[in-house]
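Values below: all heavy atoms of this structure, side chains included; hydrogens, waters and symmetry mates excluded.
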Amino acid sequence: MAEEKRIGYQVVGTIKSIKGHCNAGHKVGQQIELDGHKTGGMCGFFYHDIFPYIIMLQFGGGFPVEWGGPDVVELECMDRANAVKIELKRMR
């Protein structure tokens, strides 16, 4: 099988906290490589929510310093009872 060529920058998500139980099975401290095609085993709802931020980092965009940027942003899933917090970071 041919080696996969990376498009854009590498984006790594680190699970920072979990309130309750993550139904996708993620654990605090877990690191996941994410991009426009790699979901890292995340639940579809959470991946859908963070997709624009992944693409922004993958293709060189940045975030305001107030958000942690330009190369980092922290986001939380919409399940308030089982909220998973993830830090997305562009690797240089």
Side-chain angles (χ1 to χ4, degrees):
M1 183 173 217
E3 187 175 319
E4 188 177 315
K5 184 178 185 245
R6 179 183 323 277
I7 299 172
Y9 292 97
Q10 179 185 27
V11 178
V12 174
T14 303
I15 304 298
K16 292 300 202 175
S17 66
I18 300 172
K19 174 185 166 192
H21 171 76
C22 175
N23 291 317
H26 296 296
K27 305 290 183 211
V28 174
Q30 180 182 7
Q31 291 194 318
I32 310 160
E33 185 172 352
L34 299 162
D35 66 27
H37 296 103
K38 293 180 189 167
T39 65
M42 297 186 80
C43 94
F45 294 109
F46 196 17
Y47 182 77
H48 174 269
D49 279 353
I50 68 172
F51 180 82
Y53 302 93
I54 294 167
I55 296 303
M56 177 77 84
L57 290 169
Q58 183 179 353
F59 293 104
F63 299 103
V65 174
E66 297 82 19
W67 290 20
D71 296 331
V72 177
V73 65
E74 206 167 271
L75 305 162
E76 196 169 84
C77 78
M78 68 170 101
D79 183 350
R80 303 317 319 142
N82 298 294
V84 175
K85 187 178 286 187
I86 192 168
E87 174 191 83
L88 300 178
K89 184 174 186 176
R90 174 179 31 238
M91 309 307 283
R92 296 262 178 190

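- What you find for Ala24 and Cys43 is that their closest heavy atoms are CB-N, 3.9 Å.
- When side chains are defined from C-beta on, Val28 counts as touching Ile18, because their heavy atoms get closer than 4.5 Å.
- Between Cys77 and Ala83, the closest heavy-atom pair is SG-CA, 3.6 Å.
- With a 4.5 Å cut-off between side-chain heavy atoms of Ile, Leu, Val, Met, Phe, Trp and Tyr, the cluster of Val12 takes in Met91.
- Residues Leu88 and Val72 form no side-chain contact, since every pair of their non-hydrogen atoms from C-beta on lies 4.5 Å or further apart.
- Rounded to the nearest 0.5 angstrom, His37 NE2 and Thr39 OG1 are separated by 11.5 Å.
- Checking side-chain atoms of Lys85 against main-chain N and O of Glu74 turns up no donor-acceptor pair under 3.5 Å.
- Sequence neighbours left out, the pairs with a member in residues 64-92 that pass ring pair (Phe, Tyr, Trp, His ring centres under 6.0 Å) are Phe63-Trp67.
- Other cluster members for Phe45: Met78, joined by side-chain heavy-atom distances under 4.5 Å among Ile, Leu, Val, Met, Phe, Trp and Tyr.
- Pairs of residues two or more places apart, or lying in two chains, never qualify as ring pair (Phe, Tyr, Trp, His ring centres under 6.0 Å) while including a residue from residues 9-36.
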Side-chain atoms of residues 48-58: list all donor-acceptor pairs with protein atoms under 3.5 Å, sequence neighbours left out, distances to 0.1 Å.
| from | atom 1 | to | atom 2 | distance (Å) |
| --- | --- | --- | --- | --- |
| Gln58 | OE1 | Gly36 | N | 3.0 |
| Gln58 | NE2 | Ile7 | O | 2.8 |

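- Residues meeting the salt bridge (Lys or Arg N to Asp or Glu O under 4.0 Å) test with Glu33, sequence neighbours left out: Arg6, Lys38.
- Inter-residue side-chain proximity for Thr14 and Ile86 is flagged as unmet; no heavy-atom pair is nearer than 4.5 Å.
- The residues Asp71 and Lys89 are annotated as not salt-bridged, no charged nitrogen and carboxylate oxygen being separated by less than 4.0 angstrom.
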